[in-house]
Amino acid sequence: QVRLVESGGGLVQPGGSLRLSCTTSGFAFSASTMRWYRQAPGKEREFVAMITASGGFRNYADSVKGRFTISRDNAKNTLYLQMNSLKPEDTAVYYCKRALYDDWGQGTQVTVSS
């Protein structure tokens with residue numbers, strides 16, 4: 001059974017930082033390209049970042065480039081998203097997902113507000 005459990009969200013002031021985690025089980029994490037998505041209230045879910053299985057290639061949405069860093073620990077079956085210089089428009093529920101499959105976790109809420 002595939003499980004994706006996001007954590008690390010919370011309330012942070014503009015300019016602050018958060019580190020999200022996605023703990024996985026039930027599939028070959030170390031062989032899987034992984035992605036982060038987010039969904040803001042009233043908006044469609046959007047791509048945030050991706051990382052290949054080995055971590056050798058990463059890609060980001062233009063809106064987060066230079067501020068967010070995706071990484072992974074294959075020994076722990078865990079995906080991360082380091083978010084710096086947060087803006088109010090980063091407020092959303094953040095989800096992790098493995099590429100090519102339609103498995104989603106419950107997400108973790110990130111709220112950027114003063």
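Please read these numbers as outputs of a predicted model, since none were measured by experiment.
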Show every donor-acceptor pair shorter than 3.5 Å between a side-chain atom in residues 48-57 and any protein atom, with sequence neighbours excluded, or say none if there are none.
unit_1	atom_1	unit_2	atom_2	d
Thr52	OG1	Gly56	N	3.4
Thr52	OG1	Phe57	N	3.1
Thr52	OG1	Phe57	O	3.4
Ser54	OG	Gly56	N	3.2

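- Taking OG1 of Thr78 as the reference point, atom CE of Met34 lies at 9.5 Å (rounded to 0.5 Å).
- Between Phe68 and Tyr94, the two ring planes are tilted [angle within 30° to 60°].
- For residues 40-50, the pairs satisfying salt bridge (charged side-chain N to carboxylate O under 4.0 Å, His left out) are Arg38-Glu46, with sequence neighbours left out.
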- Apply side chain to side chain contact (heavy atoms under 4.5 Å, CB included) to Arg58 and Ser71, showing your working. CA-CA 8 Å; Arg58 311 174 196 201; Ser71 63; 4.1 Å; yes
- Item | side chain to side chain contact (heavy atoms under 4.5 Å, CB included) evaluation trace for Val112 with Glu89 | CA-CA 8 Å; Val112 185; Glu89 51 264 44; over 6 Å; no
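- Clustering ILVMFWY residues whenever any of their side-chain heavy atoms sit less than 4.5 angstrom apart, transitively, puts Trp36 in the very cluster that holds Tyr60.
- The side chain to side chain donor-acceptor pair (under 3.5 Å) analysis of residues 2-29, with sequence neighbours excluded, yields the pairs Ser17-Asn84.
- In this structure, Pro41 and Thr91 approach most closely via the heavy-atom pair CD-O, 4.3 Å.
- The heavy-atom pair separating Leu86 from Met83 by the smallest distance is CD2-CB, 3.8 Å.
- Atom NZ of Lys97 is separated from atom SG of Cys22 by 11.5 Å, given to the nearest 0.5 angstrom.
- Under the 4.5 Å side-chain heavy-atom criterion for Ile, Leu, Val, Met, Phe, Trp and Tyr, Phe27 and Leu79 are members of the same hydrophobic cluster.
- The CD atom of Gln106 sits 9.0 Å away from atom CG of Leu4, with the distance rounded to the nearest 0.5 Å.
- Residues satisfying the salt bridge (charged side-chain N to carboxylate O under 4.0 Å, His left out) criterion with Arg67, sequence neighbours excluded, are Asp90.
- When the side chains of ILVMFWY residues are joined at heavy-atom separations under 4.5 Å, either directly or via intervening members, Ile70 and Val110 end up in a single hydrophobic cluster.
- Partners of Arg98 according to the salt bridge (charged side-chain N to carboxylate O under 4.0 Å, His left out) rule, which considers only residues two or more places apart in sequence or in another chain, are Asp103.
- The shortest distance between side-chain heavy atoms of Tyr37 and Trp104 falls below 4.5 Å.
- Minimum interatomic distance between Asn74 and Phe29 (heavy atoms only, all atoms of both residues): OD1-CE2, 3.1 Å.
- The only option from Ser114, Ser113, Ser85 that meets the side-chain contact (heavy atoms from CB on, under 4.5 Å) definition with Pro14 turns out to be Ser114.
- Here Lys65 pairs with Asp62 under the salt bridge (charged side-chain N to carboxylate O under 4.0 Å, His left out) rule; sequence neighbours left out.
- Under the 4.5 Å side-chain heavy-atom criterion for Ile, Leu, Val, Met, Phe, Trp and Tyr, Leu81 and Val5 are members of distinct hydrophobic clusters.
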